[in-house]
Amino acid sequence: MGVEIRGYNGHDRFALMSISDDEWQPQIISTVMSMEENNSIEKCLVAEANGDIVGFIYGFVLPNKTLIPEFMYVVPNSRKNGVGTALIKQLESTSGCTASMIFYNKSLHCYYERQGYQTGENLEVAMKEIGG
């Protein structure tokens, strides 16, 4: 699966809002509706394969150069193919930040640990130092 990671643009709005029909749809719609194009704090990247959006990641940058990846979604048939990993890595490398902090669902503990985040057994927050 050839996936291209690119920046979000206003034309992606409706495609992202209709990317899911599962339990994540309300969160996706809320996230997309809150995004403002060209906002220097907010960051959003889109994963595209064969002309279709297969995932996205949204976050923001704090003034202390900490990246907060707030929401990521990959369509079910594209999961476990490295799309989420590619989105996270691209967001980290283009953010200009020196650290990243993720608040996550406990079921994703091992996933974020594999991405290099320092996780705790009972925590739903993970930290990682990144180049800046």
Side-chain angles (χ1 to χ4, degrees):
M1 168 188 287
V3 175
E4 175 193 353
I5 307 297
R6 62 171 176 79
Y8 166 85
N9 66 58
H11 301 290
D12 296 327
R13 179 179 290 246
F14 294 112
L16 290 181
M17 287 193 296
S18 63
I19 196 172
S20 163
D21 62 0
D22 60 19
E23 71 271 14
W24 291 105
Q25 187 179 33
Q27 179 65 38
I28 292 169
I29 291 172
S30 174
T31 299
V32 172
M33 293 300 290
S34 73
M35 288 191 295
E36 294 182 29
E37 197 171 356
N38 298 320
N39 181 325
S40 64
I41 296 171
E42 293 177 319
K43 306 290 180 196
C44 182
L45 298 174
V46 173
E48 198 171 57
N50 301 319
D52 294 322
I53 294 176
V54 296
F56 75 100
I57 190 166
Y58 166 79
F60 55 93
V61 174
L62 298 178
N64 67 354
K65 291 193 171 192
T66 298
L67 175 65
I68 309 289
E70 187 171 299
F71 188 79
M72 179 173 65
Y73 183 82
V74 176
V75 296
N77 63 352
S78 293
R79 293 178 186 161
K80 300 190 188 263
N81 290 317
V83 175
T85 298
L87 284 165
I88 290 172
K89 287 182 186 249
Q90 185 73 12
L91 185 66
E92 290 171 352
S93 69
T94 60
S95 69
C97 291
T98 57
S100 179
M101 183 169 61
I102 292 179
F103 297 90
Y104 62 93
N105 183 302
K106 285 183 185 180
S107 66
L108 295 171
H109 169 88
C110 291
Y111 176 80
Y112 285 111
E113 200 169 69
R114 286 191 310 270
Q115 304 310 313
Y117 286 82
Q118 297 173 2
T119 60
E121 291 301 317
N122 297 315
L123 299 177
E124 291 184 358
V125 63
M127 294 289 296
K128 177 181 180 180
E129 287 188 32
I130 57 178

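Only a predicted model underlies this, so the values are computations on that prediction, with no experimental measurement involved.
- Tested against Lys128, the residues Gln115, Glu92, Gln118 include a single side chain to side chain donor-acceptor pair (under 3.5 Å) partner, Glu92.
- Considering only heavy atoms from C-beta on, Arg13 comes within 4.5 Å of Tyr8 through its side chain.
- Within 6.0 Å of atom CG in Asp21, 12 or fewer heavy atoms from other residues, nucleotides or ligands are found, so the atom counts as exposed in its surroundings.
- Applying the side chain to side chain contact (heavy atoms under 4.5 Å, CB included) test to Glu70 and every residue at least two apart in sequence or in another chain returns Tyr58, Phe60.
- For the atom pair CZ (Arg114) and CG (Leu108), the distance works out to 9.5 Å, reported to the nearest 0.5 Å.
- Shown here are the side-chain hydrogen bond (donor to acceptor under 3.5 Å, both in side chains) partners of Arg6, two or more places apart in sequence or in another chain: Asp12, Glu48.
- For the side-chain hydrogen bond (donor to acceptor under 3.5 Å, both in side chains) test, residues two or more places apart in sequence or in another chain that qualify with Thr31 are Gln27.
- Partners of Gln90 under the side chain to side chain contact (heavy atoms under 4.5 Å, CB included) rule, at least two apart in sequence or in another chain, are Ile5, Leu45, Ser93, Thr94.
- Inter-residue side-chain proximity for Ile88 and Pro69 is flagged as unmet; no heavy-atom pair is nearer than 4.5 Å.
- With Leu87 as reference, Ile57 is the one residue of Val3, Ile57, Val54 to meet the side-chain contact (heavy atoms from CB on, under 4.5 Å) rule.
- The shortest non-hydrogen separation linking Ile28 to Met17 is CG2-CA, 4.4 Å.
- The minimum heavy-atom distance linking Ser78 with Val83 is given by the pair O-CG2, 3.6 Å.
- With sequence neighbours left out, the side-chain hydrogen bond (donor to acceptor under 3.5 Å, both in side chains) criterion links Glu129 to no other residue.
- Across every non-hydrogen atom of Ser100 and Tyr117, the tightest pair is OG-OH, 2.7 Å.
- The side-chain heavy atoms of Phe14 and Val32, taken from C-beta on, include no pair separated by under 4.5 Å.
- Taking OH of Tyr73 as the reference point, atom CG of Asp22 lies at 3.5 Å (rounded to 0.5 Å).
- Distance check: Ile130 CD1 to Leu67 CG gives 5.5 Å after rounding to the nearest 0.5 Å.
- Residues meeting the ring pair (Phe, Tyr, Trp, His ring centres under 6.0 Å) test with Phe71, sequence neighbours left out: Trp24, Phe56.
- Residues passing the side chain to side chain contact (heavy atoms under 4.5 Å, CB included) test with Thr66 are Leu62, Asn64, Ile68, Ala99, Met101, sequence neighbours excluded.
- Tyr112 pairs by the side-chain hydrogen bond (donor to acceptor under 3.5 Å, both in side chains) definition with nothing, not counting sequence neighbours.
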